[in-house]
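First the structure, in the form of C-alpha cells, and then the observations on it.
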Amino acid sequence: GTVKGSLGIGFPAIVMSILPIFIEPALAVTLLAIPIFVTNGTQFLSVEGWPGIIRRFLVAGISVAVTIFVVVQFVADVPSRWINIVVGLSLILFSLTSLLKFELPMSEHPSWQALVGISSGLLGGLSAVKAPIMIYTVGLKLPRDEFICVAGFLFFMGGIGLTMGTLSASLLNGTTTLLSLVCCAIALIGFRVGAMIRKRLSDKVVRTALLWVILALGLRLILTNLL
C-alpha cells in the first residue's frame, strides 16, 4: 500500500510476487480483488480532472473489466503451477518493460484502448498483474498526475472486474471476503502513508530497486514451477 501511494503503481505486483510462495495463487488473486478496487479508486478520484479521464479512457476501462470477469470464471480450474508461471511472466514483463523504459507509439484511439484492455484482462484475470496497462500509460507520456489518474482508473476498472468475477465464481465468499477486507484496510493505511511521503522520495531510486526485486521474484516463481 505504501508503494502504491508513493509511486502510483506496484501494489498487485509486489503482493503477487510474495503471496504465491505461501498460499495458492488463485486465493492470492481473490484476496487482492477488494484492495485493488478500493486503493485504485482512491488514487484516481484524488486527482483533479478525473471525470475527463473516465470519458477519455472508457473503452480501455470497460475492456479490462469485462475480460477479467470472464477469465476469473476459469481460474479455479487452472493448475496452480501454471498460474504461478503466468504470475511470474507477468512480473517479469512488468519489471523489464519499466527497467528498460520500453515504449511503443501509443495513442488514445479506441482500437489501442481495446487491445490494451483485453490483453491486460487476460493476464490480470490469472495473475492480478496488468503489465500492458503500465506499458500503455507510460507510452502515452502523460504528465505525472495525469499518469497516476489514468493508471488508477484502469486498475480500478480491473478491480471491478476482478471483484465481480470472483463473486460470480464463488471464490470471494464469506471467509475470503473478510480476509480481503482486512488486506484492504492494511493497504489503505499504507496508501495514505505513501501519499504523504510521495514528494519526499527519490522516485527513480525507489522505483528501480522495487523493479529489480519484482524481477527476481518473478524469475523465482517461473524456475520453481518449471524445474
Side-chain angles (χ1 to χ4, degrees), residues 3-4 9-37 40 60 63-100 102 104 114-138 151 154-172 176 179-180 183 210-227:
V3 171
K4 176 71 174 173
I9 60 170
F11 176 59
I14 284 291
V15 175
M16 288 303 295
S17 64
I18 297 172
L19 277 188
I21 298 174
F22 305 102
I23 62 176
E24 290 293 315
L27 176 58
V29 170
T30 301
L31 295 182
L32 274 176
I34 296 176
I36 288 175
F37 168 72
N40 285 289
S63 299
V64 69
V66 171
T67 306
I68 285 182
F69 178 86
V70 173
V71 172
V72 167
Q73 306 309 306
F74 307 98
V75 72
D77 300 322
V78 179
S80 296
R81 176 188 181 192
W82 292 108
I83 295 180
N84 276 325
I85 290 173
V86 171
V87 171
L89 289 172
S90 299
L91 295 175
I92 291 171
L93 179 62
F94 171 80
S95 56
L96 281 182
T97 53
S98 299
L99 285 167
L100 299 176
F102 178 75
L104 290 173
L115 176 63
V116 169
I118 292 170
S119 59
S120 296
L122 291 172
L123 283 176
L126 288 174
S127 69
V129 181
K130 310 168 197 71
I133 287 178
M134 289 309 307
I135 298 172
Y136 179 61
T137 50
V138 169
L154 296 181
F155 289 137
F156 168 75
M157 292 298 290
I160 290 178
L162 188 60
T163 301
M164 299 304 294
T166 49
L167 280 169
S168 176
S170 299
L171 294 171
L172 201 58
T176 54
L179 290 172
S180 187
C183 293
L210 171 67
L211 291 170
W212 278 110
V213 170
I214 292 174
L215 175 61
L217 292 170
L219 288 170
R220 179 192 177 281
L221 274 176
I222 290 178
L223 292 174
T224 55
N225 283 278
L226 284 179
L227 299 179

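If you're wondering where the values come from, they're calculated on a predicted model, not measured in any experiment.
- A heavy-atom distance below 4.5 Å is not found between the side chains of L123 and V71.
- Between I85 and L89, some side-chain heavy-atom pair lies under the 4.5 Å cut-off.
- In this structure, L31 and I23 have side chains that are in contact, with non-hydrogen atoms separated by less than 4.5 Å.
- In this structure, CZ on R81 lies 6.0 Å from CG on L226, to the nearest 0.5 angstrom.
- Considering OG of S180 and CG of L172, their distance stands at 6.0 Å, rounded to 0.5 Å.
- Among all heavy-atom pairs drawn from L215 and L99, the shortest one is CD2-CD1, 4.3 Å.
- One finds the NZ atom of K130 at 12.0 Å from the OG1 atom of T137 (value rounded to the nearest 0.5 Å).
- For G117 against S63, the heavy-atom pair with the smallest separation is CA-CB, 3.8 Å.
- Applying the side chain to side chain donor-acceptor pair (under 3.5 Å) test to S119 and every residue at least two apart in sequence or in another chain returns nothing.
- Considering L115, I133, I135 in turn, I133 is the only one that fulfils the side chain to side chain contact (heavy atoms under 4.5 Å, CB included) rule with S120.
- The CZ atom of R220 sits 8.5 Å away from atom CG of N225, with the distance rounded to the nearest 0.5 Å.
- In this structure, T163 OG1 and L171 CG are separated by 12.0 Å, a value rounded to the nearest 0.5 Å.
- Minimum interatomic distance between N40 and F156 (heavy atoms only, all atoms of both residues): CB-N, 3.5 Å.
- Listed here is the closest heavy atom pair of Q73 and G165: NE2-O, 3.2 Å.
- Taking CZ from F155 and CG from L162, the interatomic distance works out to 12.5 Å, rounded to the nearest 0.5 Å.
- Proximity of a side-chain donor or acceptor of T67 to a complementary backbone N or O of G121 within less than 3.5 Å is not detected.
- When the side chain to side chain donor-acceptor pair (under 3.5 Å) test is applied to T224, no partner is found at least two apart in sequence or on another chain.
- The side chain to side chain contact (heavy atoms under 4.5 Å, CB included) with T166 is formed by just one residue from the set I68, V72, V75; it is V72.
- Taking 4.5 Å as the limit, some side-chain heavy atom of I160 sits within range of a side-chain heavy atom of F37.
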